[in-house]
*Asks:* 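Quick one: structure below, then a few questions.
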Amino acid sequence: MPAETFNVLIGGKAGEGVKKAAQVLAHLAMASGKHVFQTDDYQSLIKGGHNFSVVSISDTKLYNSYSAIDLIISFDDRSIRQHAGQLKPGALHFVNGDDAASADSSMIKLPLGSLMKEVYGPGGNVSLSAIAIFCAVCGIEARDLEQNIKREFKHSIEQNITYAEAVNKLVKKLELGEAYPLSYSKMGARKLYSGNQLIALGAWAAGLDLYFSYPMTPASSILHYLALKRESHKVYAVHAESELAAANMAVGACFAGKRSAVGSSGGGFALMQEAFSLAGMVEAPLLFVLSSRPGPATGVSTYTAQEDLFFALHQGHGEFPRIVASPDSFERAFSLAAELMDLAWECQSPAILLTEKHLSESSADIFPEELSLPSAPEALVSEAKPYKRYAVTESGVSPLKFPGSEHADEDDVIKWNSHEHLESGVRTDGAEAMVMMKDKRLRKAETVMTATKKYQRVAVYGAGESLVFAYGSTALELREAMQHHPFKLVVPIYLEPFPDEELEAYRGCEAIIVEHSSQPNFAEFLRIKLDINAKANILRYDGRHWDSKELAERVREAENA
Amino acid sequence: MRSMNTGKENTWCMGCGNFGIIAAAKKAITALHDEGVSLADIAITCGIGCHGKIFDYLNLSGVYGLHGRALATAQGIKLANPKLHVISFGGDGDSLGEGLEHTLFAAKRNIDITLILHNNGTYGLTTGQASPLSYTGYKGLSTPLGNVENPFNPITLLMEAGASFVARAYSAKIDHLSGLIQQAVRHKGFSFIEVLQPCVSYNNSYDLYNERCVMMDAIPFDEINARQLAKATEQIYLGIFKQELKPEYCEAIKVQDNPLQRAERLAMIIH
């Protein structure tokens, strides 16, 4: 039996601070020695609508949040209506008595709205009530509540404390007992990170200097996070006028010798196609982060999907080697961003980190000491005179030089060219030269393949009768699901070049294939690459992540079908 | 100083205005070099079209990028190494059509880059379609009945967008253009030079420019005056329309190198 999880849901309108309150809860649980997993369900709007966050808390590591709730705090009636059905027996449902027309006698009504008006006057921050209720239910003392509020909120500190303490007292007066006692100690060494934060940090740890992007959910928080780190980390996040600008700027930054990255979702990637192809042609070492959401076109901005697998694998027109990999965990988001940055530079090729909203924007506790970084590959240096940017080599990779750097002098002419070119970088349309340069670039495919072998390219988890294949954040949902039903999960981390060697043992196998798309794209990919026969396709394309208990049940059903 | 020639066969038409522009560019680079600018610190970018061939003929480092994106690439270069002198060559279809957004935003940011606009009023290399700067009534393959759109005025457009150095030259007046390029490169901020450039094959405007071009004897005293002169058609004014100092982008965001190696970076994340 898996360790029991305690699942908290906070629901309310956009603008009410639902996500922030959930983060504070997660921090409180982490500081009490617990593992956490937070998912935020929000819509593409600023005010109103319905947002909810779930924080699952456990003594063992969590790979997903659960939808069966132990403690729910509804700021409005809509939250009551939407979530009343997902409560575990005996769950506590706190509702805002001032907006709770659908409440029944099983729910605990607190005057959250009127109390807020009393304390703050106009405005106010109802999210503090969720933190106060959580502390009461978990036995976290009032002084710890106060300290956390002071640390987490910058404005209206006095009112926040007064309001939270008033709500906290109301709950304590009910003498409900401690539903989930936490021994808060402030000693936790773990940190709460979102997938996007770890992608940003992994790339930065591997030398990221410049990040170019145009906001598009769910990739935007990479831009926001790095923009905040400008002074402390000396990293420059540029909000460009468009994705086209971002990608072309990034190619320019690579030319001048800086480790650079761009990020977007499917729509923005569609706009960057030509620049991706440019990176292939000029051999720019550029990291692209593609965080998927449901499409096509604008699609559904704030939900998760894996519709872009083939899109990622076939980015850019024309023939050149591509690198695509997808992190299957938070820790991997960090290490893979670093690996792909290194691979891009080692092979002078664009590399794509493919992920999804579920990993990008969910958060989990990470023990930073466990984050791992690859060692930097050695840079090729050229002493040849005259310098030739596209010197033909066996590996297909030509040494780089950067204008204005200490390694380049007055005589060095460094030409990157989007036209087919000679070794010098000067344009050509000569037949022989075309073949020579195409062959040089295509030889890099072998170089890329060899280079990826120093990294972990496939992950295998669990054991059991049945074999399940997935990639990306679906692996998180499945790792949590195997707590409820055992199976063997195989996850290709690298998708291009495909890690045939590690996966050869599965050639021709029968497997259950789980993915977030309406068409079995990943299953088709596995059929092409490994001749894998889909025993069952578990497809989900409503933008929502799986509840892992439900997913375990679906796997069980698939086994018995 | 090394030769400015690459040895690549030149395929511009006989009499093309681009010959004047490349001659002026070489002259300006030589003068800048004589003043102490290292060729190792110069990077060029260009778009796609007749103007872009200058990349293959000028023996300078740079990126021959995508159509329309020369200024985006140039801005990435500048951000990555603000010490570089970055000169971008653009065609009118390139910089004011496909890549208009980058031109306006580079000017808006006042990033320290020089844009030399080869304004031949047509898409030369793709056989003479109307460009964003083609006159109303211009007949080309895509407008056989005459262009019904009005052309942009690049000078007033760039002034409005925020360029801090705005000038106009004529490709046949090489010394003047060379002088402007030197001033533009030395100018701290976004500098823009519109070069009137006849296209002998599709828009031969030599007679018009020879007849109407007039050199201004001073920078217009204010922006209203500058606009009037920039829009004048009976006489086409050449020279500097605007030159001012204001905060430059890379300086404003304080771009600096990060010397931290990855072990130090990892340590920073862990602690």
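In what follows, chains are A, B, ... by sequence order, proteins preceding strands, each numbered from 1.
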*Asks:* Please answer whether the main-chain N or O of A:H233 pairs with a side-chain N or O of B:N258 as donor and acceptor at a distance below 3.5 Å.
*Replies:* yes
*Asks:* Select one option (side chain, backbone, both, neither) describing which atoms of A:L198 are under 4.5 Å from chain B's heavy atoms.
*Replies:* neither
*Asks:* Please rank B:D41, B:I42, B:L60 by heavy-atom pairs under 4.5 Å with chain A and give me the top one.
*Replies:*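 Option with the top pair count is B:L60.
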*Asks:* Report the distance from atom CD of A:E274 to atom CD of B:E98, rounding to the nearest 0.5 Å.
*Replies:*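 A:E274 CD to B:E98 CD: 7.0 Å, rounded to 0.5 Å.
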*Asks:* Report the distance from atom CD of B:E101 to atom CG of A:L244, rounding to the nearest 0.5 Å.
*Replies:* 6.0 Å
*Asks:* Can you confirm whether A:K388 is buried at NZ, in the sense that more than 12 heavy atoms of other residues, nucleotides or ligands lie under 6.0 Å from that atom?
*Replies:*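 At most 12 heavy atoms, drawn from other residues, nucleotides or ligands, come within 6.0 Å of this atom.
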*Asks:* Looking at B:A43 and A:F255, what are the two nearest heavy atoms and their distance?
*Replies:* CB-CE2, 4.0 Å
*Asks:* Measuring from B:Q75:CD to A:M249:CE, what's the distance to the nearest 0.5 Å?
*Replies:*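 Rounded to the nearest 0.5 Å, the CD-CE separation comes out at 4.0 Å.
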*Asks:* Does OH in A:Y193 sit with more than 12 non-hydrogen atoms of other residues, nucleotides or ligands closer than 6.0 Å?
*Replies:*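 Yes, enclosed.
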*Asks:* Heavy-atom distances under 4.5 Å only: say whether A:N417 touches chain B with side chain, backbone, both or neither.
*Replies:*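 Looking at A:N417, backbone and side chain both touch chain B.
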*Asks:* Answer whether the closest heavy-atom distance between the side chains of A:F402 and B:I77 falls below 4.5 Å.
*Replies:*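 Counting from C-beta outward, A:F402 and B:I77 never come under 4.5 Å.
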*Asks:* So which of B:A70, B:G99, B:G62, B:A40 has the biggest tally of heavy-atom pairs under 4.5 Å with chain A?
*Replies:* B:G62
*Asks:* Could you pull out the closest heavy-atom pair between A:S242 and B:H102, with the gap in Å?
*Replies:* OG-CE1, 4.1 Å
*Asks:* Given that the side chain runs from C-beta out, which part of B:H33 has a heavy atom under 4.5 Å from chain A: side chain, backbone, both or neither?
*Replies:* side chain
*Asks:* Taking every heavy-atom pair that is under 4.5 Å apart, which of A:L373, A:L210, A:V251 has the most such pairs with chain B?
*Replies:*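 Going by pairs under 4.5 Å, I would pick A:L373.
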*Asks:* In terms of heavy-atom contacts, does CE of B:M14 have more than 12 from other residues, nucleotides or ligands at under 6.0 Å?
*Replies:*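 No.
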*Asks:* Quick check for you: to the nearest 0.5 Å, what is the distance between A:L422 atom CG and B:T6 atom OG1?
*Replies:*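 If we round to the nearest 0.5 Å, A:L422:CG and B:T6:OG1 are 10.0 Å apart.
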*Asks:* Using every non-hydrogen atom in the two residues, find where B:R109 and A:H239 come nearest and quote the distance to one decimal.
*Replies:* NH2-O, 4.0 Å
*Asks:* Between B:L266 and A:S372, is there a side-chain heavy-atom distance shorter than 4.5 Å?
*Replies:* no
*Asks:* Charged N to carboxylate O below 4.0 Å: is that the case for A:D409 and B:R2?
*Replies:*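 Judged by the 4.0 Å cut-off on N to carboxylate O distance, A:D409 and B:R2 do not form a salt bridge.
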*Asks:* Between the main-chain N or O of B:L79 and the side-chain N or O of A:K258, is there a donor-acceptor pair closer than 3.5 Å?
*Replies:* no
*Asks:* Count the heavy-atom pairs under 4.5 Å between each of A:P374, A:A247, A:A246, A:S260 and chain B, then report the option with the highest count.
*Replies:*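 The candidate making the most pairs under 4.5 Å is A:P374.
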*Asks:* At a heavy-atom distance under 4.5 Å, which candidate from B:K8, B:K83, B:Q256 has the highest pair count against chain A?
*Replies:* B:Q256
*Asks:* Report yes or no: is the cationic atom of A:K415 (NZ for Lys, CZ for Arg) under 6.0 Å from the centre of the six-membered ring of B:Y64, at an angle within 45° of the ring normal?
*Replies:* no
*Asks:* Given that the side chain runs from C-beta out, which part of B:L104 has a heavy atom under 4.5 Å from chain A: side chain, backbone, both or neither?
*Replies:* neither
*Asks:* Quick check against the 3.5 Å criterion: does B:D56 have a side-chain atom that pairs as donor or acceptor with the backbone of A:R427?
*Replies:*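 Yes, B:D56 side chain to A:R427 backbone: donor-acceptor pair under 3.5 Å.
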*Asks:* Give a yes or no on whether B:Q261 atom CD has more than 12 heavy-atom contacts from other residues, nucleotides or ligands under 6.0 Å away.
*Replies:* no
*Asks:* Taking atom NZ of B:K108 as the centre, does the number of heavy atoms from other residues, nucleotides or ligands within less than 6.0 Å exceed 12?
*Replies:*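 Open.
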*Asks:* Taking all non-hydrogen atoms of both residues into account, name the closest pair between B:A80 and A:A256 and its distance.
*Replies:* CB-CB, 3.6 Å
*Asks:* Can you tell which of A:G425, A:A240, A:A253, A:C254 has the highest number of heavy-atom pairs within less than 4.5 Å of chain B?
*Replies:* A:A253
*Asks:* With a 4.5 angstrom heavy-atom cut-off, is it the side chain or the backbone of B:Y57 that approaches chain A, or both, or neither?
*Replies:*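 B:Y57 has no heavy atom closer than 4.5 Å to chain A.
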*Asks:* For chain A, which of B:L71, B:L260, B:N59 has the most heavy-atom pairs under 4.5 Å?
*Replies:* B:N59
*Asks:* Give a yes or no on whether A:E432 atom CD has more than 12 heavy-atom contacts from other residues, nucleotides or ligands under 6.0 Å away.
*Replies:* no
*Asks:* What's the shortest heavy-atom distance between B:I270 and A:E369, and which atoms?
*Replies:*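 For B:I270 versus A:E369, the nearest heavy atoms are CG2-OE2, 3.5 Å.
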*Asks:* What verdict does the side chain to side chain contact (heavy atoms under 4.5 Å, CB included) test give for B:I48 and A:S418, after you've listed the backbone C-alpha separation in whole Å, the side-chain angles of each residue and the deciding distance to 0.1 Å?
*Replies:* CA-CA 9 Å; B:I48 301 299; A:S418 72; 4.1 Å; yes
*Asks:* What part of B:K53 is in contact with chain A, defined as an atom under 4.5 angstrom from a non-hydrogen atom: side chain, backbone, both or neither?
*Replies:*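 Contact with chain A: side chain only.
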*Asks:* Look at atom NZ of B:K254 and say whether more than 12 heavy atoms of other residues, nucleotides or ligands are closer to it than 6.0 Å.
*Replies:* no
*Asks:* Checking heavy atoms, do the side chain of A:R230, its backbone, both or neither come under 4.5 Å from chain B?
*Replies:* side chain
*Asks:* Quick one: does any side-chain atom of A:E410 pair with a main-chain N or O of B:L39 as donor and acceptor, under 3.5 Å?
*Replies:* yes
*Asks:* Within the side chain of A:Y236, is there an N or O that forms a donor-acceptor pair under 3.5 Å with the backbone of B:I253?
*Replies:* no
*Asks:* Hey, are the side chains of A:V238 and B:Y249 touching, using non-hydrogen atoms and a 4.5 Å cut-off?
*Replies:* yes
*Asks:* Grab the two heavy atoms, one from A:S232 and one from B:M268, that are nearest each other, plus how far apart they are.
*Replies:* O-CE, 3.1 Å
